[in-house]
Structures are given as structure tokens and as C-alpha cells.
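Beneath this line is the structure, given in C-alpha cells, with notes to follow.
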Amino acid sequence: MSKTPDPSRWKALVFIALAQLMVVLDATIVNIALPSAQQDLGISDGNRQWVITAYALAFGGLLLFGGRIADLWGRKRAFVVGLVGFAAASALGGAATGQAMMLGARALQGAFGALLAPAALSLLAVMFTDTRERAKAFGIYGAIAGGGGAVGLILGGFLTEYLDWRWTFFVNIPFAVVAALGAYFVIREPAGGRNRAPLDIPGVVLSTLGLVSLVYGFTRAESDGWSDPTTIGLFIGSAVLLAAFALTEAKVKSPLLPLRVVTDRNRGGVYLSLGLAIIAMFGLFLFLTYYLQVVKGYSPVKTGFAFLPMIAGMITGSTQIGTRLMTRVPPRWLMGPGFLTAGVGMLLLTQLEVGSSYAGLILPAQLLLGLGMGTAFMPAMSLATHGVDPRDAGVASAMVNTSQQVGGAIGTALLNTIAASATTAYIADHVAGATTPAAQKVLQLQGMVEGYSAAIWWAVGILAVAATIAFTFINTGKPGSGGAASPAAGSGEGAGVEGEVKIPVVAH
């Protein structure tokens with residue numbers, strides 16, 4: 001394989017980053033538009049959640065399959081097909097005339113997103129082989145992956161308030177067209193990196209059903225409770241299916257997910273710690289959005305702008321701290337302290353009260369959270385493909401997306417349930433003293449804030465666990481130091497294109 005860097009790699013990064021931004025935006029932009037879309041399309045309250053769930057199930061369930069398809073077809077082709085399909089599904093959603101059309105469009109968006117996301121990350125992994133350049137590229141990518149959700153809140157607020165909810169779908173089309181055309185003409189995927197082995201059909205079926213059951217189980221737990229028989233059945237079914245998947249992958253000749261990808265100490269540490277951090281992050285987005293809109297009375301646009309300090313923190317943490325230090329210190333010394341810094345930001349938010357000051361409490365908390373997450377995300381995204389044979393880059397990239405997607409589903413359900421229980425308990429304890437309508441309204445708001453605070457305490461603990469995992473599992477040295485490289489890294493002529501430890505052999 002040629003050791004000469006791709007001359008068009010920085011142009012390619014622009015289009016890869018644009019596609020990643022589109023996928024991340026879509027995760028939050030539709031939330032803002034949902035009330036308007038529900039009213040226009042006559043979607044019942046019971047089915048409203050499916051506008052979000054249909055996307056999450058398709059995206060989370062098909063990610064491993066999408067990553068394997070990227071390895072089989074080639075990342076560039078998978079990337080372009082994913083973009084074109086995502087644009088078409090977005091057009092369908094924007095033009096929806098009823099519930100079925102909307103839900104179908106959302107499922108299609110999720111399916112094409114599951115092809116697009118791992119292809120984008122694995123393209124970065126195989127195109128940026130120089131240590132310092134890789135650090136910069138993943139710094140930009142990490143900032144977008146972390147901050148794009150908050151940008152979605154701002155954009156969703158603008159489009160819903162000043163145009164129409166349909167534009168939250170139509171806005172994806174120009175993103176996708178520009179990224180697809182740019183990718184088609186600019187990206188030159190390195191030769192010899194495809195995995196042409198036959199597709200592992202049992203692995204595809206078991207992993208898809210197992211992940212769908214897991215994500216749907218957490219979604220149902222949020223709406224129907226953890227003791228609901230269907231919820232319990234989904235969790236049991238998921239455990240059985242994923243255990244069967246692991247056994248299958250250990251035995252088949254050409255597995256969908258080679259176990260060497262996840263059993264490597266460093267990559268396993270990344271997938272686990274990142275998934276936990278996302279649990280904490282999603283809970284915060286949810287509670288802070290409700291706090292600002294319901295308790296503080298902010299408009300959707302003002303709420304979106306209120307998240308700007310977090311975006312600024314993430315961009316600074318990722319591109320200034322993470323990128324500058326990644327080539328100088330081992331990754332665990334960025335990820336561990338990053339998660340702890342984010343935890344301090346969360347800790348500040350446990351002090352939320354009905355009358356809390358935005359500038360005095362929420363602003364510094366968001367800055368700390370953004371700085372910490374940005375610093376940690378950047379090496380995490382790079383380490384996700386650490387030491388992986390280029391032929392496995394797609395499925396390794398899919399694993400980091402899967403940990404984020406499952407983390408998001410768990411975070412929303414788990415922390416929402418904790419908050420709801422704490423709110424109910426607080427109101428029950430204080431209801432006797434609220435004898436007037438005004439007092440009852442104040443009690444309701446105080447109960448909500450008490451619930452958010454209780455759930456955010458859990459998020460602090462989860463971030464502490466994520467930091468502990470990063471410190472203990474991730475033992476690779478700084479790029480180029482030769483420290484603790486994975487012995488399971490791919491072999492053969494393609495091995496060593498990925499993974500920071502091996503990169504210094506690349507010639508300029």
C-alpha cells in the first residue's frame with residue numbers, strides 16, 4: 001500500500017465533516033419540530049414518540065451491518081449511497097402527508113444514516129495516516145460529533161419558528177447533495193482496504209434484532225415503566241440475541257464483527273467509556289431543554305442559543321486542547337481528565353433551582369462540560385480504529401457509533417425515569433402546603449427542578465465511571481512512542497495504516 005498521503009485528504013475532510021454534521025443535526029433538529037408536525041399530520045400522542053423511535057431503531061439496529069457494507073463495497077461508495085439515500089428519505093419526510101409516510105421516512109433516514117456514519121469515520125481513519133494530521137482531522141470530527149446536537153437545537157428552533165416544521169427535513173437535502181458531489185469528485189480511497197469476504201447473514205440478523213430490542217427496550221421503559229412485561233421481554237430477548245451473536249462471531253469464518261475489534265483493551269475501553277459519557281450527555285440535553293423552556297420560559301430559538309457555550313467549549317476542547325496534546329501525551333490523559341472536567345460541569349448543575357441564574361450557574365457549567373467532552377471525544381474517535389486492519393475499519397467505526405446510539409437511548413430512558421420518580425416524590429411530600437393555584441404551580445416547577453437535579457447526580461456518577469474506565473482500560477502510549485500497542489492489530493500489508501502507534505513509518 002502506498003505510504004504517500006492523499007493530496008486531496010483535507011478537501012475530503014470538508015465533505016466528510018459536512019455529512020457528519022447532517023447526521024448529528026438530525027438527531028435533535030426533529031425534536032423541536034415534533035409538536036408542529038404532530039398537529040399537521042394528525043399523529044396521536046401515543047404514536048408521537050415513533051417519529052423519534054423509528055429513526056433510532058433503524059439507525060442503532062443497522063449500524064454494524066452498515067459498517068460491514070462499507071468494508072465490502074468500499075467506504076467512498078457506501079458514503080455516497082448513504083448521502084443520496086438520506087437526502088431522498090429527508091425529502092419524503094418533509095413532504096409527508098400522514099403518519100405512515102412520516103414514520104416510513106424516519107426509518108429510511110435511520111437506515112441510510114447507519115450506512116453513512118461508519119463510512120465517514122472509517123474514511124478518515126484510512127485517509128489520514130500521519131500522526132499530527134490525524135490529530136487535527138479527528139479534532140474537527142470530534143467537535144462536530146459532540147457539538148452538532150446543540151447546533152440542531154438552534155437550527156430547529158429557527159426553522160420551526162420562522163419557516164415551517166417541514167424545513168427541518170428539507171434542510172438535509174443541500175447538505176447531502178454538496179457532500180455527495182464533493183465526495184464523488186474529491187475522495188480517493190486507498191487501494192487494498194476492502195473486505196470482500198462473504199457477508200455473515202446470521203450475524204447481520206442476530207445483531208440487528210438484538211440491537212433493535214435493546215434500543216426499543218429502553219424507549220419503552222421511558223414510556224411504560226421498567227416493570228412492564230413487554231419491556232422486560234425486550235431486554236431478555238436482546239440479551240439472548242446478542243449472546244447468540246457473540247457465539248456466532250467466534251465460530252464463523254468471515255464474521256460481521258470480528259471479535260478482535262472489540263476485545264482489544266484500548267478499543268473496548270473507548271467503546272465503553274464513550275457510551276457511558278453519551279448517557280450523561282443525552283440526559284443533560286433533555287433536562288436543560290425542558291428547564292429553559294418550561295421553567296425559565298425561553299422560546300425554542302432562545303433555548304438553542306442558550307446551548308452555544310457548550311458548543312464553544314466542545315470546539316475549543318477538541319481542536320485546541322485535544323489536537324495539540326494528542327501527539328504529546330497518552331490518550332488516557334486526555335480522555336480521563338476530559339470526562340472528569342465534564343463531571344465537574346454536571347456537578348454544578350446539581351445545584352439548579354427555579355430561580356437559578358443563567359450567567360452564574362448554567363453558563364460556566366456548560367463551558368466546563370463542553371471543554372471536557374471535546375477534549376475526551378477527540379482521542380476517543382481516533383482510538384476507535386486504533387490498530388485495526390483497514391479491512392475492518394468500517395465495522396470498527398460502526399462500533400463507536402453503536403456505543404453512542406445505545407448510550408443515547410439508555411441516557412434518555414434511564415435519567416428521565418429517575419427524574420420523573422424524584423419529581424413525583426417531591427410533590428407528594430410537599431403537596432399539603434400548596435393550598436392555592438399559584439402555590440401549586442410553584443410546587444410543580446420546584447418538583448421538576450428537583451427531579452432534574454436528582455438525575456444529574458446520576459450523570460455525575462456515570463461520568464466518574466467513564467473516566468475510571470478510560471484511565472484503567474486505555475493503556476496505549478502517545479502516538480509514535482511505541483507504548484502498549486495492540487497485539488491484535490491487523491497483520492499483512494494493510495496493517496499499520498490505522499492506529500497511532502504504527503503511523504510514524506509513513507513517509508512524506
Side-chain angles (χ1 to χ4, degrees), residues 13 121 124-125 128-147 264-278 280-281 312-345 367-388 396-397 400 403 463-489 496-506 508:
L13 175 62
L121 185 55
L124 280 191
F128 286 88
T129 53
D130 174 75
T131 309
R132 292 186 185 279
E133 288 192 349
R134 184 181 174 97
K136 288 178 186 174
F138 276 95
I140 294 165
Y141 188 89
I144 290 169
D264 173 79
R265 176 175 181 155
N266 290 289
R267 288 192 297 273
V270 167
Y271 301 146
L272 199 53
S273 61
L274 198 59
L276 286 168
I278 293 291
M281 275 278 290
M314 280 185 175
I315 292 170
T316 305
S318 194
T319 61
Q320 299 305 309
I321 302 172
T323 300
R324 290 173 189 274
L325 294 180
M326 184 179 160
T327 56
R328 298 174 186 173
V329 299
R332 66 178 175 275
W333 291 112
L334 290 174
M335 290 181 65
F339 291 139
L340 289 176
T341 303
V344 173
L367 283 171
L368 283 170
L369 195 76
L371 276 171
M373 287 296 196
T375 301
F377 272 17
M378 191 252 144
M381 291 293 177
S382 183
L383 267 178
T385 50
H386 171 82
V388 174
S397 302
V400 77
S403 69
L463 281 170
V465 174
T468 304
I469 290 168
F471 278 126
T472 53
F473 276 64
I474 297 167
N475 67 345
T476 184
K478 67 181 180 181
S481 69
S486 165
V497 174
E498 323 261 342
E500 298 73 26
V501 174
K502 303 173 183 175
I503 287 171
V505 301
V506 177
H508 285 273

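This one's a predicted model, so the numbers in the text were calculated from it and none came from an experiment.
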The reported gap from CG in Asn266 to CG in Asn475 (rounded to nearest 0.5 angstrom) is 5.0 Å
Taking all non-hydrogen atoms of both residues into account, name the closest pair between Leu383 and Met335 and its distance. CD1-SD, 4.3 Å
Minimal heavy-atom distance between Pro379 and Ala376, with the atoms involved, is CD-O, 3.3 Å
Of all heavy-atom pairs between Leu463 and Ala280, which one has the smallest distance, and what is that distance? CG-CB, 3.8 Å
Measure the shortest side-chain to side-chain distance between Pro337 and Thr375 over non-hydrogen atoms and say whether it is less than 4.5 angstrom. no
Working to the nearest 0.5 angstrom, can you tell me the gap between Gln320 CD and Leu325 CG? 10.5 Å
Note: Leu369 and Met281 closest approach over all heavy atoms is CD2-SD, 4.3 Å
Ala467 versus Gly336, closest heavy-atom pair with distance: CB-O, 3.6 Å
Going by atom type alone, with no hydrogens or angles, which donor-acceptor pairs under 3.5 Å involve a side-chain atom of residues 270-278 and a protein atom two or more places apart or on another chain?
residue: Tyr271; atom: OH; partner: Ala384; partner atom: O; Å: 3.1
residue: Tyr271; atom: OH; partner: Ala396; partner atom: O; Å: 3.2
residue: Ser273; atom: OG; partner: Gly269; partner atom: O; Å: 2.8
residue: Ser273; atom: OG; partner: Val270; partner atom: O; Å: 3.4

Set of ring-ring contact (aromatic ring centres under 6.0 Å, His included) partners for Phe471, sequence neighbours left out: Trp333
Of all heavy-atom pairs linking Arg332 and Ile474, the shortest is CD-O, 3.1 Å
From CZ (Arg328) to CG (Leu334), nearest 0.5 Å: 11.0 Å
